[in-house]
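When reading the values below, keep in mind they use all heavy atoms of this one structure, side chains included, and skip hydrogens, waters and symmetry mates. Whatever order the structure lists them in is the order used to number ligands and atoms, beginning at 1. Quick caveat: nothing in here was measured; it's all calculated off a predicted structure.
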Amino acid sequence: MLKKIVIAIDGPAGSGKSTAAKNIAQKLGFTYLDTGAMYRAITFLALRSGIVDNISAVIDLAREIDLKLKFENGVTRVFVNDEEVTKEIRSAEVNAKVSDISRIPEVRAELVKMQKKLGSEGNIVAEGRDVTTVVFPDADLKVFLTASIDVRTKRRLREFQDKNISISYDEVQENLEKRDRIDSGRKVSPLRKAEDAIEFDNSALTPEQDLDFLILKIKDVLNKNNNESLGNMVNEQQSD
Ligand code: DC
């Protein structure tokens, strides 16, 4: 039986992880695992239930929640207890609170357990803040994706504008910098580059150039691991 391939991508908000991971997943027919969406789903429910500042209630919620991610046609749909919350988890309120919720070790332990299980089920591209270091330390390819703060701010600003949400450049930058500080400075599973991860700054690249680079790296890894059928699959998909 072929070994399941795991590709893990970490990086700060706005570094293009989701776009890269989605593009790879679509190109290779892998599952895409958006771990940030899981932290967002818990944050959304905690906010709605009015318990967001009650740590033990948030931990109970993380232990009880029935969380499902469905990756269909390039979009991850998120369900909590069978209710779809795909749009709601991207709100400014969730953005402002999600880093605090993801600092809680017991919440992380629950989500990491779910993520490892999903990773054992098939070929997967996972992205987040600790997927290269904690969730999948033995991933076949580990990438630390970065981009300048200006580029990351402009990317997020464009996303808000596309949704007709009015927000200033400075507000977006402030939120990104605050989340960077919390995500990289926390005690449990901080965002950091794994020793054996490839560091890649995509500030000057288009998503297509990003994808080309990553597909080359994946091909290298698969060839090295002698995973011939997957290697061929990458070759075939590349000549599309
Ligand atoms: O990638 P994102 O912006 O959707 O992530 C939202 C937040 O979730 C991020 O600010 C930190 C947290 N997160 C985390 O702590 N660990 C992960 N593996 C993924 C996200």
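The shortest distance between side-chain heavy atoms of Val78 and Lys68 does not fall below 4.5 Å.
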Pairwise, report which nitrogen or oxygen atoms of ligand 1 are under 3.5 angstrom from protein nitrogen or oxygen atoms, and how far apart they are.
unit_1	atom_1	unit_2	atom_2	d
ligand 1	1 (O)	Arg129	NH1	2.9
ligand 1	3 (O)	Arg40	NH2	3.2
ligand 1	3 (O)	Arg129	NH2	3.4
ligand 1	3 (O)	Arg179	NH2	2.5
ligand 1	4 (O)	Arg40	NE	2.7
ligand 1	10 (O)	Ser99	OG	3.2
ligand 1	10 (O)	Arg179	NE	3.1
ligand 1	10 (O)	Arg179	NH2	3.2
ligand 1	10 (O)	Asp183	OD2	2.9
ligand 1	15 (O)	Arg108	NH1	2.8
ligand 1	15 (O)	Arg108	NH2	3.4
ligand 1	15 (O)	Arg186	NH1	2.8
ligand 1	15 (O)	Arg186	NH2	3.1
ligand 1	16 (N)	Arg108	NH2	3.0
ligand 1	18 (N)	Thr35	OG1	3.0
ligand 1	18 (N)	Arg129	N	3.1
ligand 1	18 (N)	Asp130	OD1	2.8

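To the nearest 0.5 Å, atom CG of residue Leu222 and atom CD1 of residue Ile7 are 7.0 Å apart.
Cluster annotation: Val134 is not connected to Leu191 through the hydrophobic network of ILVMFWY side chains, with a link wherever side-chain heavy atoms come within less than 4.5 Å.
Side-chain heavy-atom separations under 4.5 angstrom define the hydrophobic clusters, and the remaining members of the one that includes Tyr32 are Phe71.
In this structure, Ile65 places its CD1 atom where more than 12 heavy-atom neighbours from other residues, nucleotides or ligands lie under 6.0 Å away.
At least one cation-pi condition fails for Lys142 and Phe136: the charged atom is not both under 6.0 angstrom from the six-membered ring centre and inside a 45 degree cone around its axis.
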